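Below is one structure, written out as C-alpha coordinates; comments come after it.
Only a predicted model underlies this, so the values are computations on that prediction, with no experimental measurement involved.
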Amino acid sequence: LATGPRQNNGIFYEIRTYDIKPAKMKEFLEMVKKYFHFRTAHSELVGFWYSELGAMNKVFHIWKYDNFAHRTAVRNALANDKDWQGKFISAALPLMEKQHNEVAYLVPWCQLGKPPKEGGVYEWVTFQMKPGGPALWGEAFRAAINAHINTGYTSLIGVFHTEYGLLNRVHVLWWNESPDHRAAGRHRAHEDARVVAAVRNSVRFLESQQNVLLIPLQCSPLK
(Lines give C-alpha, C1' and ligand atoms only; values in the text may rest on other atoms or scores of the structure.)
Protein backbone atom coordinates (compact mmCIF):
# COMPACT_ATOMS: atom_id res chain seq x y z
CA LEU A 1 0.00 0.00 0.00
CA ALA A 2 1.27 3.47 -0.85
CA THR A 3 2.61 5.49 2.04
CA GLY A 4 2.69 8.78 0.21
CA PRO A 5 5.52 11.36 0.10
CA ARG A 6 8.15 11.46 2.81
CA GLN A 7 11.24 13.47 3.66
CA ASN A 8 14.22 13.21 1.32
CA ASN A 9 16.90 12.58 3.97
CA GLY A 10 17.46 9.53 6.16
CA ILE A 11 16.69 11.19 9.50
CA PHE A 12 14.23 9.27 11.64
CA TYR A 13 13.01 9.30 15.22
CA GLU A 14 12.86 6.40 17.64
CA ILE A 15 9.94 6.71 20.02
CA ARG A 16 10.43 4.68 23.19
CA THR A 17 7.82 4.15 25.89
CA TYR A 18 8.41 2.38 29.18
CA ASP A 19 5.81 1.20 31.63
CA ILE A 20 7.25 1.59 35.13
CA LYS A 21 6.13 -0.42 38.13
CA PRO A 22 3.71 1.81 40.08
CA ALA A 23 5.68 1.68 43.31
CA LYS A 24 8.95 2.42 41.48
CA MET A 25 8.14 5.52 39.44
CA LYS A 26 9.78 7.97 41.82
CA GLU A 27 12.90 5.82 42.02
CA PHE A 28 13.08 5.53 38.23
CA LEU A 29 12.80 9.29 37.70
CA GLU A 30 15.51 9.91 40.28
CA MET A 31 17.81 7.51 38.43
CA VAL A 32 17.13 9.29 35.15
CA LYS A 33 18.03 12.62 36.75
CA LYS A 34 21.26 11.19 38.17
CA TYR A 35 22.57 9.02 35.34
CA PHE A 36 20.90 9.88 32.04
CA HIS A 37 23.79 12.05 30.91
CA PHE A 38 25.61 8.79 30.14
CA ARG A 39 22.93 8.04 27.54
CA THR A 40 22.69 11.51 25.99
CA ALA A 41 26.45 11.50 25.44
CA HIS A 42 25.88 9.02 22.60
CA SER A 43 23.02 10.52 20.55
CA GLU A 44 20.52 13.34 20.38
CA LEU A 45 17.59 13.27 22.77
CA VAL A 46 14.59 15.21 21.45
CA GLY A 47 12.46 15.00 24.57
CA PHE A 48 11.75 12.96 27.71
CA TRP A 49 8.44 13.10 29.58
CA TYR A 50 6.38 11.22 32.15
CA SER A 51 2.64 10.79 31.84
CA GLU A 52 0.28 12.77 34.04
CA LEU A 53 -3.15 12.08 32.51
CA GLY A 54 -4.36 9.53 29.97
CA ALA A 55 -1.80 6.91 31.03
CA MET A 56 -0.19 6.12 34.36
CA ASN A 57 3.37 5.20 35.33
CA LYS A 58 4.64 5.62 31.78
CA VAL A 59 7.59 7.55 30.34
CA PHE A 60 8.07 8.68 26.74
CA HIS A 61 11.34 9.61 25.07
CA ILE A 62 12.25 10.43 21.49
CA TRP A 63 15.69 10.01 19.89
CA LYS A 64 16.91 11.45 16.59
CA TYR A 65 19.14 9.44 14.24
CA ASP A 66 20.75 10.37 10.94
CA ASN A 67 20.04 6.92 9.49
CA PHE A 68 19.86 3.27 10.55
CA ALA A 69 23.64 2.84 10.45
CA HIS A 70 23.90 5.71 12.93
CA ARG A 71 21.46 4.01 15.29
CA THR A 72 23.37 0.71 15.03
CA ALA A 73 26.63 2.44 15.93
CA VAL A 74 25.00 4.17 18.91
CA ARG A 75 23.46 0.94 20.19
CA ASN A 76 26.82 -0.83 19.94
CA ALA A 77 28.52 1.98 21.82
CA LEU A 78 25.87 1.87 24.55
CA ALA A 79 26.31 -1.88 24.97
CA ASN A 80 29.99 -1.23 25.69
CA ASP A 81 29.51 1.82 27.93
CA LYS A 82 30.30 0.52 31.41
CA ASP A 83 28.87 3.58 33.15
CA TRP A 84 25.56 3.38 31.26
CA GLN A 85 25.22 -0.36 31.68
CA GLY A 86 26.45 -0.55 35.26
CA LYS A 87 24.96 2.57 36.82
CA PHE A 88 21.66 2.89 34.97
CA ILE A 89 20.58 -0.15 32.97
CA SER A 90 21.32 -2.82 35.57
CA ALA A 91 19.39 -0.88 38.22
CA ALA A 92 16.58 0.45 35.98
CA LEU A 93 15.47 -2.77 34.30
CA PRO A 94 13.96 -4.27 37.48
CA LEU A 95 11.82 -1.12 37.82
CA MET A 96 10.19 -1.60 34.41
CA GLU A 97 7.19 -3.67 33.42
CA LYS A 98 7.28 -3.18 29.64
CA GLN A 99 9.31 -1.49 26.92
CA HIS A 100 8.08 -0.53 23.47
CA ASN A 101 9.71 1.28 20.57
CA GLU A 102 8.66 2.61 17.19
CA VAL A 103 10.54 4.17 14.32
CA ALA A 104 8.83 7.19 12.81
CA TYR A 105 9.49 9.97 10.32
CA LEU A 106 8.32 13.53 10.54
CA VAL A 107 5.60 14.05 7.97
CA PRO A 108 6.99 16.08 5.04
CA TRP A 109 4.85 19.14 5.82
CA CYS A 110 6.06 19.43 9.42
CA GLN A 111 9.31 20.69 10.90
CA LEU A 112 10.21 19.74 14.46
CA GLY A 113 9.33 22.77 16.53
CA LYS A 114 9.97 24.18 19.98
CA PRO A 115 7.58 25.67 22.52
CA PRO A 116 7.40 29.48 22.67
CA LYS A 117 8.74 29.34 26.22
CA GLU A 118 9.83 26.87 28.87
CA GLY A 119 7.26 25.47 31.21
CA GLY A 120 3.80 24.35 30.26
CA VAL A 121 2.68 20.86 29.38
CA TYR A 122 2.81 18.60 26.36
CA GLU A 123 0.07 16.52 24.83
CA TRP A 124 0.89 13.30 22.99
CA VAL A 125 -1.96 12.30 20.71
CA THR A 126 -1.87 8.96 18.91
CA PHE A 127 -4.15 8.44 15.92
CA GLN A 128 -4.60 4.95 14.52
CA MET A 129 -5.69 5.53 10.94
CA LYS A 130 -7.23 3.14 8.46
CA PRO A 131 -4.82 1.10 6.28
CA GLY A 132 -3.65 2.87 3.16
CA GLY A 133 -1.20 5.39 4.53
CA PRO A 134 -1.02 9.12 3.81
CA ALA A 135 -1.94 8.48 0.19
CA LEU A 136 -5.42 7.71 1.53
CA TRP A 137 -5.86 10.01 4.52
CA GLY A 138 -2.88 12.36 4.51
CA GLU A 139 -4.51 15.51 3.15
CA ALA A 140 -7.57 15.23 5.38
CA PHE A 141 -5.37 14.64 8.41
CA ARG A 142 -3.17 17.62 7.58
CA ALA A 143 -6.22 19.84 7.21
CA ALA A 144 -7.47 18.80 10.65
CA ILE A 145 -4.10 19.57 12.25
CA ASN A 146 -3.89 22.96 10.52
CA ALA A 147 -7.41 23.82 11.63
CA HIS A 148 -6.36 23.37 15.25
CA ILE A 149 -3.17 25.38 14.73
CA ASN A 150 -5.15 28.22 13.22
CA THR A 151 -7.23 28.61 16.38
CA GLY A 152 -4.05 29.80 18.11
CA TYR A 153 -4.64 28.09 21.44
CA THR A 154 -1.92 25.45 21.04
CA SER A 155 1.57 25.05 19.55
CA LEU A 156 2.49 22.17 17.27
CA ILE A 157 5.83 20.52 18.06
CA GLY A 158 5.83 17.58 15.66
CA VAL A 159 3.82 15.09 13.63
CA PHE A 160 5.36 11.62 13.35
CA HIS A 161 4.25 8.82 11.01
CA THR A 162 5.31 5.28 11.94
CA GLU A 163 7.61 3.18 9.79
CA TYR A 164 8.27 0.34 12.25
CA GLY A 165 5.72 -0.65 14.85
CA LEU A 166 1.98 -0.51 14.30
CA LEU A 167 1.58 1.07 10.86
CA ASN A 168 -0.87 3.77 9.81
CA ARG A 169 -0.25 5.37 13.18
CA VAL A 170 0.42 9.09 13.60
CA HIS A 171 1.71 10.71 16.78
CA VAL A 172 1.12 14.43 17.22
CA LEU A 173 3.00 16.35 19.90
CA TRP A 174 1.44 19.62 21.10
CA TRP A 175 2.49 22.20 23.69
CA ASN A 176 0.14 24.23 25.89
CA GLU A 177 0.73 26.75 28.64
CA SER A 178 -1.26 24.65 31.13
CA PRO A 179 -3.95 21.96 31.20
CA ASP A 180 -6.57 24.65 31.84
CA HIS A 181 -5.34 26.71 28.89
CA ARG A 182 -5.58 23.62 26.72
CA ALA A 183 -9.09 22.84 27.96
CA ALA A 184 -10.32 26.36 27.25
CA GLY A 185 -8.80 26.27 23.78
CA ARG A 186 -10.39 22.93 23.02
CA HIS A 187 -13.81 24.27 23.97
CA ARG A 188 -13.34 27.20 21.60
CA ALA A 189 -12.14 24.89 18.83
CA HIS A 190 -15.22 22.71 19.17
CA GLU A 191 -17.32 25.78 18.37
CA ASP A 192 -15.20 26.78 15.35
CA ALA A 193 -16.90 25.74 12.12
CA ARG A 194 -13.56 25.37 10.33
CA VAL A 195 -12.28 22.90 12.94
CA VAL A 196 -15.54 20.97 13.01
CA ALA A 197 -15.56 20.58 9.22
CA ALA A 198 -11.88 19.52 9.02
CA VAL A 199 -12.21 17.01 11.85
CA ARG A 200 -15.40 15.57 10.39
CA ASN A 201 -13.57 14.95 7.12
CA SER A 202 -10.52 13.40 8.78
CA VAL A 203 -12.39 11.19 11.24
CA ARG A 204 -13.69 9.11 8.33
CA PHE A 205 -10.26 7.52 8.24
CA LEU A 206 -9.79 7.20 12.02
CA GLU A 207 -9.89 3.89 13.89
CA SER A 208 -8.86 5.02 17.38
CA GLN A 209 -7.27 7.91 19.26
CA GLN A 210 -5.46 8.28 22.60
CA ASN A 211 -4.45 11.53 24.32
CA VAL A 212 -1.80 11.66 27.05
CA LEU A 213 -0.78 14.73 29.05
CA LEU A 214 3.00 14.78 29.52
CA ILE A 215 5.35 16.57 31.91
CA PRO A 216 8.95 17.09 30.72
CA LEU A 217 11.84 15.83 32.82
CA GLN A 218 14.77 18.03 33.72
CA CYS A 219 16.97 16.23 31.15
CA SER A 220 14.51 16.88 28.32
CA PRO A 221 15.64 19.37 25.65
CA LEU A 222 11.94 20.12 25.10
CA LYS A 223 10.87 21.67 28.39
Aromatic rings His70 and Tyr65: how do their planes relate, parallel, tilted or perpendicular, breaks at 30° and 60°?
perpendicular
Modelled atom types, side-chain donor and acceptor of Thr154 and Asn176, under 3.5 Å:
yes
Should Glu102 and Arg16 be marked as a salt bridge (Lys or Arg N to Asp or Glu O under 4.0 Å) after you check the CA-CA gap, both sets of side-chain angles, and the distance that decides it?
CA-CA 7 Å; Glu102 296 174 306; Arg16 300 179 71 95; over 6 Å; no
Indicate yes or no: at least one non-hydrogen side-chain atom of Ser43 is less than 4.5 angstrom from one of Glu14.
no
Modelled atom types, side-chain donor and acceptor of Glu123 and Asn211, under 3.5 Å:
yes
Are Phe48 and Phe36 close enough that their ring centres sit under 6.0 Å apart?
yes
Side chain to side chain donor-acceptor pair (under 3.5 Å) partners of Lys223, counting only residues at least two apart
none
Quick one: do Leu112 and Val46 satisfy side-chain contact (heavy atoms from CB on, under 4.5 Å)? Show the steps, please.
CA-CA 9 Å; Leu112 189 63; Val46 174; 3.8 Å; yes
Begin from the C-alpha positions of Trp109 and Ile145 and carry the test side-chain contact (heavy atoms from CB on, under 4.5 Å) through to its verdict.
CA-CA 11 Å; Trp109 44 268; Ile145 295 297; 4.1 Å; yes
Locate the shortest heavy-atom distance separating Met129 from Phe141; write the atom from each residue and the value.
CE-CD1, 4.0 Å
Inspect the surroundings of OH in Tyr164 and state if more than 12 heavy atoms from other residues, nucleotides or ligands are less than 6.0 Å away.
no
Heavy atoms of Ser202 and Ala140 approach each other most closely as CB-O, 3.6 Å
Any Glu30 side-chain heavy atom under 4.5 Å of Tyr35 side chain
no
With a 4.5 Å limit on heavy-atom distance, are the side chains of Leu95 and Glu27 in contact?
yes
For Arg200, enumerate each residue passing the salt bridge (charged side-chain N to carboxylate O under 4.0 Å, His left out) test, keeping only those at least two apart in sequence or located in another chain.
none
Is a donor from one side chain sitting under 3.5 angstrom from an acceptor on the other, for His171 and Thr126?
yes
Examine Leu78 and Val32 and state if one hydrophobic cluster contains both, with Ile, Leu, Val, Met, Phe, Trp and Tyr joined whenever side-chain heavy atoms are less than 4.5 Å apart.
yes
Co-membership, hydrophobic cluster, residues Ile149 and Val107, 4.5 Å side-chain
yes
Nearest-0.5 Å distance that lies between atom OG in Ser208 and atom CZ in Phe127
10.0 Å
Does a side-chain heavy-atom distance below 4.5 Å link Trp174 with Ser155?
no
Please find the pair of heavy atoms, one from Ala91 and one from Met31, that lie closest to each other, and give the distance.
CB-CE, 3.3 Å
More than 12 heavy atoms from other groups under 6.0 Å of CZ on Arg75:
yes
My understanding is that only residues two or more places apart in sequence, or in another chain, count here; which of them pass side chain to side chain donor-acceptor pair (under 3.5 Å) with Gln111?
none
Ser220 versus Leu222, closest heavy-atom pair with distance
OG-O, 2.7 Å
Taking ILVMFWY side chains as joined if any heavy atoms are under 4.5 angstrom apart, and letting links pass through other members, which residues group with Leu166?
none
Could you tell me whether the side chain of Phe12 reaches within less than 4.5 Å of the side chain of Lys64, counting heavy atoms only?
no
Answer with yes or no whether the hydrophobic clustering places Leu45 together with Phe88; edges join I, L, V, M, F, W, Y residues whose side-chain heavy atoms lie under 4.5 Å apart.
yes
I'd like to know whether the aromatic ring centres of Tyr105 and Tyr13 sit less than 6.0 Å apart in this structure.
no
Let me check something: do Val196 and Val199 share a hydrophobic cluster, defined by ILVMFWY side-chain heavy atoms less than 4.5 Å apart, either directly or through other members?
no
Residue list, side-chain contact (heavy atoms from CB on, under 4.5 Å) with Glu97, at least two apart or on another chain:
Asp19, Lys21, Pro22
Give, for atom NZ of Lys34 and atom SG of Cys219, the distance between the pair rounded to the nearest 0.5 Å.
15.5 Å
In Å and rounded to the nearest 0.5 Å, what is the CZ to CD1 distance from Phe60 to Ile215?
12.0 Å
Contact between Gln210 and Val212 at the side-chain level, heavy atoms closer than 4.5 Å - yes or no?
yes
CZ of Arg39 to NE2 of His42: how many Å apart, nearest 0.5 Å?
7.5 Å
Between atom CG of Leu214 and atom CG of Leu53, what is the distance when rounded to the nearest 0.5 Å?
10.0 Å
Apply the test side-chain contact (heavy atoms from CB on, under 4.5 Å) to residues Val103 and Thr162: give CA-CA distance (whole Å), side-chain angles for both, the deciding distance (0.1 Å), then the verdict.
CA-CA 6 Å; Val103 166; Thr162 56; over 6 Å; no
Listed partners of Arg142 passing salt bridge (charged side-chain N to carboxylate O under 4.0 Å, His left out), at least two apart:
none
Residue pair Thr151 / Ala189: nearest heavy atoms and the distance that separates them:
CG2-CB, 4.3 Å
Test log, rule side-chain contact (heavy atoms from CB on, under 4.5 Å), inputs Gln128 and Asn168:
CA-CA 6 Å; Gln128 187 60 47; Asn168 297 290; 4.0 Å; yes
For a 4.5 angstrom cut-off between non-hydrogen side-chain atoms, does Tyr122 reach Ile157?
yes
Rounded to the nearest 0.5 Å, what's the gap from CG on Asp81 to CD1 on Ile89? Could you check?
10.0 Å
Any chance CD of Gln99 has more than 12 other-residue heavy atoms, nucleotides or ligands included, within less than 6.0 Å?
yes
Which word best sums up how the rings of His187 and His190 line up, parallel for under 30°, tilted for 30 to 60°, or perpendicular for over 60°?
perpendicular
Shortest non-hydrogen contact from Ile15 to Phe160?
CD1-CB, 4.3 Å
State yes or no: are the ring centers of Trp137 and His161 separated by less than 6.0 Å?
yes
Residue that, paired with His61, satisfies ring pair (Phe, Tyr, Trp, His ring centres under 6.0 Å) out of Trp49, Tyr18, Tyr50
Tyr18
So do the side chains of Val172 and Val170 get within less than 4.5 Å of each other, counting heavy atoms only?
yes
